[in-house]
*Asks:* 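Mind looking over this structure? Questions follow.
All ligand and atom numbering here is 1-based and tracks the order in the structure.
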Amino acid sequence: MNKFFYSGAFAIFVLVLFLANETKVFSNMRTFVGSVFFMDSSTERTLKDAYTTSLLDDQRPVKILIVPGHDDKYFGAQFRGLREANINLELAEKLAKLFRAQGRFSVTVTRTQEGYNPVISDFLEREESAILAFVKQKKETMGSLIDRRIVGTVDSIEHVFAPGDTAFHLYGINYFANKNSFDIVLHIHFNDYPREDFRVAGKYKGVAIYIPESQYSNFYGSRALAEKIFERLLKFYPQSSFQREAEGIIPSQDLIAIGAYNTLDSAALLLEYGYLYEPQFQNEEIRDKTLDELALQTYIGTINLLGISYKTKFGSANLGRLDSPSLEYKEAGADVLKLQTALLSLNMYPPKGKTFLECPLSGIFFRCTKQSVLEFQVKYGISPALGYAGPITIKKLNAVLAE
Ligand SMILES: [Zn+2]
């Protein structure tokens, strides 16, 4: 053994150390790069903290951005003259009103009956180049993370891809939400699916919520919020029966609205509140009351996550004393919806053996309601129990509700 051997061995030893270290540094760097890009920006904790802060500091309310989907130019789905963009807006306004009345929320709605909210349209115009640069940089970063297999791509549901200006608009809203530290972003939509004849009602029904895919920064907060809202909505409406939405709460990697390419820090949901052709959306009076309910359930789900409970236990926009002395078979309107909701609150609607898929809160007095009323009459000894909501039945129902 000569000194050369020693020095040679030493050199190899150093080289091995160096390589080990390099590998370690490299693997740390992978995690590091990934975690900086995908550092949790919204969790259940940050959302709860936002509410706690709002109680202590009037200057820092919980900030909610409500985005009624589509606009006058691209109005989304349409069924028999009913445009999705309009109903999205009606629901968005009802939701905004509920949050504003609570007192600890600051709400921005991206458009009104008059068009885009100038706060948004001015921002998009002013910040156009910054927004484009922001999106470019995010796409490059994510592209390189995907190439290096630090981030995985996931197959997801095919969506109708947003046209160029819509895509810019949606990315711009994300950038706006990040710059203004919004806590929650809610995109309001009604559903439809590709089929042969759009004049005929489709076969799917129910509610679905899209959330950011699990690798994104805003995943945890979004999922926690989606779960609370979904739980509330399912008390009144069916979960989407479309097999592609079978999970109910569906993670998506490529929906811009909820943060494709990791472009959004806030908790973000894209809510599909039902299929546009469902019966409860066709009659104007019933639709208005249904939107009240959808808004209230979204509101209750959100405040529940923040640790606030709603003032009434059952929590419905359409539960209350029935004013009509009687309700006829085939009658439709707000009073029938109230009757169905009253029976629902007593666990008698949908009737035995049925679900919301066959027996929705439709506001239409048909077979489902008749069977439900009959069950009520049998339980309370009203005869003849034929399922017609006459004065005796309505009076009894009001008495039971008042208990
Ligand atoms: Zn839509």
*Asks:* Just distance, no hydrogens or angles: give the donor-acceptor pairs under 3.5 Å from side chains in residues 394-403, sequence neighbours left out.
*Replies:*
unit_1 : atom_1 : unit_2 : atom_2 : d
N398   : OD1    : L322   : N      : 2.8
N398   : ND2    : L322   : O      : 3.0

*Asks:* Do the non-hydrogen side-chain atoms of F79 and F281 ever get within less than 4.5 Å of each other?
*Replies:* no
*Asks:* Should E140 and K136 count as an ion pair when the cut-off is N to O under 4.0 Å?
*Replies:* yes
*Asks:* Tell me which N, O or S atom of E84 sits nearest to the Zn ion (ligand 1).
*Replies:* OE2
*Asks:* Mind running side chain to side chain donor-acceptor pair (under 3.5 Å) on Q377 and T393 for me, showing each step along the way?
*Replies:* CA-CA 7 Å; Q377 291 168 331; T393 301; 3.0 Å; yes
*Asks:* What is the name of the N/O/S atom in H189 that sits closest to the Zn ion (ligand 1)?
*Replies:* ND1
*Asks:* Give a yes/no answer: is there an N/O/S atom of E272 under 2.8 Å from the Zn ion (ligand 1)?
*Replies:* no
